[in-house]
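Hydrogens, waters and symmetry mates play no part in the numbers below; they use all other heavy atoms, side chains included.
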Amino acid sequence: PSLLLYGIPVLVAGIFLLRARNAISRTPFVPPNMVPFLQKLRTAFACIGWFYILILFFAILLLLLYVGGIIHAATAADSLPFVFSFFGP
């Protein structure tokens with residue numbers, strides 16, 4: 001699910017950004033009235049990229065904490081859930 005939610009949109013956005021960069025490099029000049037728009041667009045893409053990186057980092061951190069909690073609960077002898085009591089001490 002994380003590949004579908006984060007990986008594929010970022011991959012598609014990267015492909016389109018490379019195509020846009022190549023198209024801009026082929027143009028002889030950028031009109032002066034477009035410079036502020038392109039700078040804001042660059043800032044927006046950078047913010048979105050950092051947002052995805054932070055979300056993935058926190059998702060992995062949360063997953064590690066969750067798995068660690070499950071392992072800790074499963075190995076504690078006095079706090080075994082009812083389901084684990086069927087499988088032995």
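- Interatomic distance, Phe45 CZ to Phe16 CZ, rounded to the nearest 0.5 Å: 11.0 Å.
- Chaining together hydrophobic side chains whose heavy atoms lie under 4.5 Å apart places Ile71 alongside Leu63, Val67.
- In this structure, CG in Leu61 is found 11.5 Å from CG in Leu54, a value given to the nearest 0.5 Å.
- With sequence neighbours excluded, the residues that form a side chain to side chain contact (heavy atoms under 4.5 Å, CB included) with Ile55 are Tyr6, Phe51.
- In this structure, the separation between OG1 on Thr43 and CG on Leu38 is 10.5 Å, given to the nearest 0.5 Å.
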Tell me, with the steps shown, if Leu62 and Phe58 meet side chain to side chain contact (heavy atoms under 4.5 Å, CB included). CA-CA 6 Å; Leu62 182 65; Phe58 285 122; over 6 Å; no
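- In this structure, Leu18 stands alone, with no Ile, Leu, Val, Met, Phe, Trp or Tyr side-chain heavy atom under 4.5 Å from its own, directly or through other members.
- Placement of Ile60 and Ile53 in two distinct hydrophobic clusters is found when ILVMFWY residues are connected by side-chain heavy-atom separations under 4.5 Å, directly or transitively.
- Under the side chain to side chain contact (heavy atoms under 4.5 Å, CB included) criterion, Ile15 pairs with Leu11, Arg19, not counting sequence neighbours.
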